[in-house]
Amino acid sequence: MADTMGHSATATRNTSVAIGFCLLAIAPQIFEFIWSIGTIFGWGAGRGPLQVVTGHATALLAGAPSAIFGSFGGGAKKASSDVLLALIYSYPLFAVAILTLFMTIRSAQDYVGGVILMALALFALWASSDLQGMRGFSFGAGTAPRMFGGLLVALSAAIALTGLLTDGPAMAHYSWRGPLFVMVAILFFALAIRPLGLVVTAFVSFMIAALGSHETRWLEAAIVGACLTLGCAILFPYVLGLPMPMFPRFLVQ
């Protein structure tokens, strides 16, 4: 009875980890989709939400498989960025997620941490895929990122393997509130800096990030946010000379 319950608990944990890896495998696509929503309101440039969903779905379901089979048939052609993202980043993480279902994880922190580092390395390899590589003995712009990305893939795989072979600590409790609101604040700043200007965007972004802690004292947070906003308003346009809009468009116009 105890063995059955233990096996069931392990299977449940592995399923949860595998689902997390699947979400990690499509995290860049989800991020671009969220970013593309801003284009509807004129807050950014790039593809619209429908184009993003269509492009990535086609790449994941049809473009990447056809590129793989085409390479075996000798009829390979230059793949699009969406297809390369699926091939270099998403597919390997999907494969790890599937293998996770059948593995016994002895050190969850090492295993999950290794896979997350692997995801960062794979993303770096995809981001540098359109940069020029080595020509003879001369380094191109993409040589160093690919070398370090490949090294990080090997090291992260070794860390994940350690989590399968040696006993270690289980996953500790992790609060998502802080990172979540910090990411929301970053996204808001990126989308709102042009239409709302630096002053409004910087202050609101700081207040959004302050939501990440239940210990926030709002009066103190507002004072600190106002001081940081004043510092940014002086630093970027006057000290660094960056041409950034200071106030909302509707006030300037």
Side-chain angles (χ1 to χ4, degrees), residues 16-17 19-53 55-56 85 89-90 93 109 112-113 115-117 119-124 126-127 171-253:
S16 300
V17 173
I19 292 174
F21 289 162
C22 288
L23 292 176
L24 183 63
I26 57 174
Q29 291 89 332
I30 294 174
F31 179 83
E32 186 181 0
F33 173 74
I34 296 173
W35 179 271
S36 68
I37 295 175
T39 61
I40 299 176
F41 306 99
W43 290 351
R47 298 186 295 182
L50 183 59
Q51 293 174 311
V52 170
V53 172
H56 286 301
L85 179 61
Y89 178 84
S90 298
L93 292 179
Q109 289 190 13
V112 174
V115 174
I116 291 176
L117 284 177
L120 291 174
L122 292 173
F123 186 81
W126 167 76
M171 289 295 294
H173 176 72
Y174 187 77
S175 175
W176 289 94
R177 178 173 177 174
L180 175 64
F181 280 103
V182 169
M183 288 189 293
V184 171
I186 295 172
L187 282 174
F188 175 81
F189 187 90
L191 293 173
I193 182 64
R194 290 185 178 179
L196 297 182
L198 178 63
V199 174
V200 174
T201 305
F203 181 77
V204 175
S205 297
F206 181 84
M207 299 305 291
I208 292 175
L211 290 170
S213 174
H214 63 275
E215 299 178 355
T216 298
R217 298 179 180 179
W218 292 107
L219 179 59
E220 296 177 1
I223 294 174
V224 174
C227 292
L228 288 176
T229 300
L230 178 61
C232 291
I234 296 174
L235 175 66
F236 290 108
Y238 300 110
V239 178
L240 300 179
L242 298 177
M244 303 182 70
M246 296 295 295
F247 301 102
R249 289 176 180 173
F250 63 86
L251 292 180
V252 176
Q253 293 176 351

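What you see below is based on every heavy atom in this structure, not just the backbone, and it leaves out hydrogens, waters and symmetry mates. Keep in mind that what you see is a predicted model, and the values were worked out from it rather than measured.
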Pairs satisfying salt bridge (Lys or Arg N to Asp or Glu O under 4.0 Å), at least one member in residues 222-235, at least two apart:
none

Distance-only criterion, 3.5 Å: show the donor-acceptor pairs between side-chain atoms of residues 209-219 and protein atoms not counting sequence neighbours.
| unit_1 | atom_1 | unit_2 | atom_2 | d |
| --- | --- | --- | --- | --- |
| Ser213 | OG | Glu215 | N | 3.1 |
| Thr216 | OG1 | Ala210 | O | 2.6 |
| Thr216 | OG1 | Ser213 | O | 3.0 |

Side-chain contact, heavy-atom cut-off 4.5 Å: Phe33 with Val52?
yes

Please identify each residue that fulfils side chain to side chain contact (heavy atoms under 4.5 Å, CB included) with Leu117, with sequence neighbours left out.
Leu120, Ser156, Ile159

Nearest 0.5 Å, please: how far is CD in Gln51 from NE2 in His56?
11.0 Å

Residue pair Ala221 / Met207: nearest heavy atoms and the distance that separates them:
O-SD, 3.9 Å

Pairs involving residues 230-246, ordered by first then second residue, that meet salt bridge (Lys or Arg N to Asp or Glu O under 4.0 Å) (sequence neighbours left out)
none

What residues, two or more places apart in sequence or in another chain, satisfy side chain to side chain contact (heavy atoms under 4.5 Å, CB included) together with Ile186?
Val182

side-chain contact (heavy atoms from CB on, under 4.5 Å) evaluation trace for Phe189 with Val204:
CA-CA 8 Å; Phe189 187 90; Val204 175; over 6 Å; no

For residues 19-28, pull every pair meeting salt bridge (Lys or Arg N to Asp or Glu O under 4.0 Å), keeping only residues two or more places apart or in separate chains.
none

For the residue pair Ile193 and Pro245, what are the closest heavy atoms and their distance?
O-CG, 3.4 Å

One should read off an interatomic distance between Leu23 CG and Leu93 CG, to the nearest 0.5 angstrom, of 11.5 Å

Within the supplied structure, the quantity of interest is the number of heavy atoms (other residues, nucleotides, ligands) at a distance under 6.0 Å from Phe181 CZ; does it exceed 12?
yes

Applying salt bridge (Lys or Arg N to Asp or Glu O under 4.0 Å), which residue pairs with at least one partner in residues 224-239 are found, sequence neighbours left out?
none

For Ala124, the side chain to side chain contact (heavy atoms under 4.5 Å, CB included) test, sequence neighbours excluded, returns none

In sequence, state the C-alpha distance, the side-chain angles, and the governing distance for Leu187 and Phe31, and then conclude on side-chain contact (heavy atoms from CB on, under 4.5 Å).
CA-CA 10 Å; Leu187 282 174; Phe31 179 83; 3.2 Å; yes

Heavy-atom check, side chain of Tyr89 versus side chain of Ile26, under 4.5 Å:
no

Closest non-hydrogen contact found for Val224 with Phe206 is CG1-CZ, 3.6 Å

Could you list the residues that satisfy side chain to side chain donor-acceptor pair (under 3.5 Å) with Gln29, not counting sequence neighbours?
Ser90

Between Phe188 and Thr201, which heavy-atom pair has the shortest distance, and what is it?
CE2-O, 4.0 Å

Quiz: residues 225-235 side-chain donor-acceptor pairs under 3.5 angstrom, not counting sequence neighbours:
| unit_1 | atom_1 | unit_2 | atom_2 | d |
| --- | --- | --- | --- | --- |
| Thr229 | OG1 | Phe203 | N | 3.4 |
| Thr229 | OG1 | Gly225 | O | 2.7 |

Where is the tightest heavy-atom contact between Ser36 and Pro49, given as atom of each residue plus distance?
OG-CA, 3.2 Å

Side chain to side chain contact (heavy atoms under 4.5 Å, CB included) partners for Met183, two or more places apart:
none

Show your reasoning for whether side-chain contact (heavy atoms from CB on, under 4.5 Å) applies to Phe247 and Val200.
CA-CA 7 Å; Phe247 301 102; Val200 174; over 6 Å; no

